[in-house]
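In the text below, chain A, chain B and the rest are named by the order of the sequence lines, each starting its count at 1. Keep in mind that what you see is a predicted model, and the values were worked out from it rather than measured.
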Protein chains: 2
Amino acid sequence: MANNTNETIEETTSLLDIQFNAAISVDCVIFGYDKHNLKVLLVKSDMPMYKDKYSLLGDLLKQDENTDQSAIRVLAKHTGLSGLYMEQVCTFSNVNRHPLGRVVTVAYYSLVQLNEGLEELVHHHPDLKWEKVSDIEDLAFDHLLVFNKCLKQLRYGLREKPIGFNLLPEKFTLKQLQNLYERVLDIEIDKRNFRRKLKSIDILMDVNENETDVSHRPAKLYSFDKIRYSSKKKKRFSFEM
Amino acid sequence: MANNTNETIEETTSLLDIQFNAAISVDCVIFGYDKHNLKVLLVKSDMPMYKDKYSLLGDLLKQDENTDQSAIRVLAKHTGLSGLYMEQVCTFSNVNRHPLGRVVTVAYYSLVQLNEGLEELVHHHPDLKWEKVSDIEDLAFDHLLVFNKCLKQLRYGLREKPIGFNLLPEKFTLKQLQNLYERVLDIEIDKRNFRRKLKSIDILMDVNENETDVSHRPAKLYSFDKIRYSSKKKKRFSFEM
DNA sequence: CCAAAAGTGTTTGTAATACACCCATGG
DNA sequence: CCATGGGTGTATTACAAACACTTTTGG
């Protein structure tokens with residue numbers, strides 16, 4: 001794919017040169033879950049026409065990276081974390097979506113467990129905030145559109161793939177997992193049915209530990225068993241509930 | 001979104017100007033179904049390094065259009081048709097995916113019923129061909145990747161949304177519909193179960209006509225009842241089978 | 001011993017699967 | 001009247017949904 005002749009390069013460099021080029025950006029909907037609420041990391045817009053509005057975290061694509069790499073870079077820059085779960089969602093390209101020129105943006109969402117460290121982020125960076133998903137009403141640019149699309153894809157994926165674990169600590173209780181599903185999907189789930197479902201899917205590992213520091217019967221802790229999951233991945237099963 | 005002050009324009013035009021820009025293209029996986037096979041419209045690559053290979057139909061994004069419009073334009077140009085079912089699938093942006101320079105491409109798939117008119121297309125345009133999906137092994141650029149992703153999304157969507165009808169004529173028999181599911185998903189379906197399922201979903205309209213020109217009992221013709229479908233769309237139901 | 005949440009089974013309805021014969025038409 | 005594919009029903013099984021009480025711990 002890289003050993004083109006000089007001839008070819010000349011021919012097409014010119015072809016592409018006369019073509020319209022656009023800036024390409026990546027926008028990340030960074031979902032954080034703090035055991036009660038699903039939140040999204042937002043940054044105060046630095047554009048005069050969008051002052052007082054917040055926007056998603058993003059950046060322009062660089063010459064030596066693809067959009068996945070760009071998204072990883074944006075995540076690392078703002079959260080300090082790498083290896084986060086991440087999905088490309090959709091590309092937005094309306095002609096006037098960006099007031100400063102033509103910018104086509106590729107949207108990603110990613111998932112992170114909102115611990116104290118991450119909550120603290122916003123104290124050092126006053127332009128950042130974790131906004132509850134249910135409180136998001138208005139964003140700069142077309143970012144409300146982008147956000148809605150990403151939220152939809154997250155909800156969809158949560159029913160079909162074991163991605164929810166990315167929003168929880170390594171070890172968690174069944175109640176925490178159920179709460180996650182209830183909060184993110186905005187539904188109520190019967191405790192017994194939920195537990196039976198999880199038992200039948202059989203992708204959790206009993207870590208033989210209990211919750212601590214609770215003033216009632218402590219719950220057992222589990223972790224997601226990636227290995228067991230991949231071994232049964234072939235048969236399509238649904239997380240539907 | 002369009003009344004920026006001069007100040008803003010100056011400030012950011014310069015900001016965007018110094019940024020890296022890339023060409024943006026749209027690539028369409030145009031699926032055609034001829035009652036026996038699912039096929040894809042391909043065009044012989046005009047690039048020396050990919051001679052003898054075929055590629056998807058695509059074009060570079062123009063200044064005054066978004067990628068949806070660009071895809072519609074590509075579809076119209078090569079099939080002469082408009083209003084085809086179409087979905088954005090994914091964006092591919094690897095640095096070296098295009099030998100002539102940096103081109104980020106947005107992939108779409110679309111669905112069309114392959115009638116004689118469309119089959120004939122390829123006689124007037126010797127560079128075009130309808131290739132059976134099962135025969136596609138190698139394509140120019142990263143188009144095999146693009147194609148595979150689009151096929152996957154088509155199969156996925158077929159199980160969840162009533163999009164199959166876009167591959168059939170307005171009026172069709174239940175057998176034709178079943179064949180479509182079997183061929184596209186590459187599975188076998190029990191005739192009685194299939195028919196019961198469709199009856200329960202209740203989105204077909206009996207057009208009170210029969211097949212003609214068959215040397216056996218003619219089958220009843222149905223059409224997809226869009227209105228009835230949208231009226232029950234709220235409850236999520238699955239085309240799963 | 002009390003408060004609080006953890007943990008557990010059964011019943012009922014609904015949808016998926018497997019399976020075989022009669023019917024209507026053209027030739 | 002025969003060949004061809006169209007059209008139909010039932011029994012079984014698996015899964016989803018609804019629902020209430022006992023157990024364990026901390027204070």
Participant: Tell me if the centroids of the rings in F165(B) and Y85(B) come within less than 6.0 Å of each other.
Facilitator: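 No.
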
Participant: Tell me whether the side-chain N/O atoms of K191(B) come closer than 4.0 Å to OP1 or OP2 in dG7(D).
Facilitator: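 Answer no for this pair, as no side-chain N or O of K191(B) is under 4.0 Å from OP1 or OP2.
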
Participant: Can you see which heavy atom on E137(A) is nearest to which on L144(A), and at what distance?
Facilitator: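 Answer, listing the atom of E137(A) first, then L144(A): O-CD2, 3.3 Å.
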
Participant: Rounding to an integer number of Å, can you tell me how far N193(A) CG sits from dA6(C) C1'?
Facilitator: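 Distance check: N193(A) CG to dA6(C) C1' gives 16 Å.
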
Participant: When you measure from the side chain of D135(A) to the backbone N and O of K132(A), does any donor-acceptor pair fall under 3.5 Å?
Facilitator: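 Flag not set: sc D135(A) to bb K132(A) has no pair under 3.5 Å.
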
Participant: Does anything in residues 212-223 of chain B come within less than 4.0 Å of DNA chain C? Heavy atoms only, and list the residues if so.
Facilitator: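 Close to the strand are V214(B), S215(B), H216(B), R217(B), P218(B).
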
Participant: Can you measure D206(B) atom CG to dG7(D) atom P for me and round it to whole angstrom units?
Facilitator: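 To the nearest whole Å, that distance equals 10 Å.
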
Participant: Starting at the 5' end of DNA chain C, which residue's closest nucleotide do you reach first, R196(A) or N210(A)?
Facilitator: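 Going by which nucleotide is closer to the 5' end, it is N210(A).
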
Participant: Salt bridge (charged side-chain N to carboxylate O under 4.0 Å, His left out), that's the test. Do E87(B) and K161(B) meet it? Break it down for me.
Facilitator: CA-CA 12 Å; E87(B) 273 186 38; K161(B) 298 179 289 187; 2.8 Å; yes

Participant: Just the rounded figure in Å: distance from P of dA4(C) to NZ of K175(A).
Facilitator: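 Those two atoms, NZ and P, are 13 Å apart.
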
Participant: Can you measure F194(B) atom CZ to dA15(C) atom C1' for me and round it to whole angstrom units?
Facilitator: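 Result: 16 Å.
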
Participant: To the nearest angstrom, how far is I187(B) atom CD1 from dA18(C) atom C1'?
Facilitator: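 Roughly 15 Å, once rounded to whole Å.
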
Participant: Over all heavy atoms of both residues, which pair between N210(A) and K220(A) is shortest? Give the atoms and the distance, please.
Facilitator: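 Closest approach of N210(A) to K220(A): OD1-CA, 3.7 Å.
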
Participant: Rounded off to whole Å, could you give me the CD-to-C1' distance for the Q178(B) and dT8(D) pair?
Facilitator: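 Atom-to-atom, Q178(B) to dT8(D), this comes out as 14 Å.
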
Participant: We want to know whether Y108(B) and S70(B) form a side-chain donor-acceptor pair, criterion being a heavy-atom distance below 3.5 angstrom.
Facilitator: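 Checked: Y108(B)/S70(B) side chains show no N/O donor-acceptor pair below 3.5 Å.
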
Participant: Without decimals, in angstroms, what is the distance between E211(B) CD and dC23(C) C1'?
Facilitator: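 In whole Å, dC23(C) C1' lies 15 Å from E211(B) CD.
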
Participant: Within this structure, what is the CG-to-P distance between D190(A) and dG9(C), rounded to whole angstrom?
Facilitator: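 These atoms are roughly 14 Å apart.
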
Participant: Would you say E119(A)'s side chain and L114(A)'s backbone share a donor-acceptor pair under 3.5 angstrom?
Facilitator: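 Pair absent, no side-chain N/O of E119(A) close to backbone of L114(A).
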
Participant: Between the side-chain atoms of R192(B) and the base atoms of dA20(C), is any donor-acceptor pair under 3.5 Å?
Facilitator: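 Under the 3.5 Å cut-off, the side chain and the base do form a donor-acceptor pair.
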
